[in-house]
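Reading through the structure tokens given below for one structure.
The first residue of the sequence shown is numbered 1, and numbering continues consecutively from there. Just so you know, these numbers come straight off a predicted model, no measurement behind them.
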Amino acid sequence: MKLNERSLVFYATCDSPADNAGFLYKRGERHTAYHRRWFVLKGNMLFYFEERESREPVGVIVLEGCNVELCDSAEGFAFAIRFGGAKSRTYVLAAESQAAMESWVKSLSRASFNYMRLVVRELEKQLEEMRCAPADGCRGCQESPSSWKPKPSRPEQSPEQLPALPAVLPKENGCAVWNNAPGVDRAPDSSGCGRHNGEGNPRPPPLPPRRRASSSEAGSTGAAAAESPSTFCRLHERYSQEVARLRQDWLERQRGPR
């Protein structure tokens with residue numbers, strides 16, 4: 001695997017946020033002595049510097065195909081990064097406290113792209129299950145399956161027992177009344193949904209209150225009904241003449257004095 005040194009140095013020292021950073025003790029490859037180094041974890045790359053203010057990293061560990069596990073060492077709070085293969089190197093690191101060791105082990109275990117791929121697959125699976133699941137909530141007057149109870153069937157009535165519907169629907173205030181046939185009793189609505197009856201059919205709109213005519217309106221209506229067509233003709237002729245006279249006066253005023 002070829003790595004561009006300048007690109008790695010820029011990536012290690014740029015202002016991009018790090019997944020974890022802190023001092024760790026690193027055991028040497030040839031000598032078993034531990035050296036204190038400043039570690040910075042970005043993505044799947046673990047950089048380590050001689051000092052915190054160093055401008056270039058001493059080395060980098062690519063965290064792919066490895067396992068992070070605790071190990072026994074003379075140094076306390078030690079853990080190892082082991083790679084598969086006979087000649088692969090094992091990096092032994094040690095933290096300064098138990099909390100720091102747990103934080104580093106968790107961060108390093110989640111740094112590889114294989115782990116991110118598994119997380120993405122799990123999230124996609126959960127999203128697909130949410131899309132396929134039926135939508136919850138009450139729609140209209142539907143009841144939950146746990147509270148649903150079968151309605152008792154009504155006894156069938158013979159044609160002789162059914163009330164006869166009138167030929168012309170009764171009217172109130174000039175409007176036909178729905179399902180208002182005489183002799184048919186309607187049970188009060190107890191379903192809690194005002195727009196549907198017990199059988200799920202839409203209910204008719206409520207009838208407006210019947211308005212009672214006053215005595216003056218009743219008298220004027222009766223007088224108008226008693227007038228004959230000849231009376232209407234006389235009124236029409238008289239008012240038409242007055243309208244024509246007013247129009248003539250208005251035209252003369254518009255013309256002005258000659």
Spatial distance of atom [atom1] ([X]) from atom [atom2] ([Y]) [nearest 0.5 Å]:
{"X": "Glu242", "Y": "Arg247", "atom1": "CD", "atom2": "CZ", "value": "15.5 Å"}
{"X": "Lys125", "Y": "Glu128", "atom1": "NZ", "atom2": "CD", "value": "11.5 Å"}
{"X": "Glu56", "Y": "Phe49", "atom1": "CD", "atom2": "CZ", "value": "9.0 Å"}
{"X": "Arg27", "Y": "Ser73", "atom1": "CZ", "atom2": "OG", "value": "6.0 Å"}
{"X": "Thr90", "Y": "Glu29", "atom1": "OG1", "atom2": "CD", "value": "10.0 Å"}
{"X": "Glu102", "Y": "Ser107", "atom1": "CD", "atom2": "OG", "value": "11.5 Å"}

Set of residues satisfying salt bridge (Lys or Arg N to Asp or Glu O under 4.0 Å) with respect to Glu75, sequence neighbours excluded = none

query = With no hydrogens and no angle check, is any side-chain donor or acceptor of Asn44 less than 3.5 Å from a backbone partner on Phe113?
reply =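 Answer holds: no.
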
ask   = So, Lys26 side chain and Tyr34 main chain: donor-acceptor pair closer than 3.5 Å or not?
value = no

ask   = Any side-chain heavy atom of Lys42 sitting closer than 4.5 Å to one from Ser16?
value =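 Side chain of Lys42 against side chain of Ser16, heavy atoms only: contact under 4.5 Å found.
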
message = Within the structure provided, determine whether Asn20 and Ser103 are in side-chain contact (heavy-atom separation under 4.5 Å).
response = yes

Over 12 foreign heavy atoms within 6.0 Å of CZ, Arg6 = no

[X] to [Y] - nearest heavy-atom pair and separation:
{"X": "Gly43", "Y": "Ala111", "answer": "O-CB, 3.3 Å"}
{"X": "Glu64", "Y": "Ser112", "answer": "OE2-CA, 3.5 Å"}
{"X": "His35", "Y": "Ala33", "answer": "CD2-O, 3.8 Å"}

Pairing residues for [X] by the side-chain contact (heavy atoms from CB on, under 4.5 Å) criterion, not counting sequence neighbours:
{"X": "Phe23", "result": "Arg36, Trp38, Arg52, Glu96"}
{"X": "Arg121", "result": "Arg117"}
{"X": "Leu127", "result": "Arg131"}

message = Through direct or indirect side-chain contacts below 4.5 angstrom among Ile, Leu, Val, Met, Phe, Trp and Tyr, which residues connect to Met101?
response =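 Members other than Met101 - counting any ILVMFWY side chain reachable under 4.5 Å - are Leu24, Phe39, Leu41, Leu46, Tyr48, Val58, Ile61, Leu63, Val68, Leu70, Phe77, Phe79, Ile81, Phe83, Tyr91, Leu93, Trp104, Val105, Leu108.
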
Residues clustered with Leu123, ILVMFWY side-chain links under 4.5 angstrom = Tyr115, Met116, Val119

query = Does Val9 belong to the same Ile/Leu/Val/Met/Phe/Trp/Tyr cluster as Val60, with side-chain heavy atoms less than 4.5 Å apart forming each link?
reply =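 Shared cluster, no.
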
task = Taking only Lys NZ, Arg NE, NH1 and NH2, and the carboxylate oxygens of Asp or Glu, determine whether Arg37 and Glu50 approach each other closer than 4.0 Å.
result = no

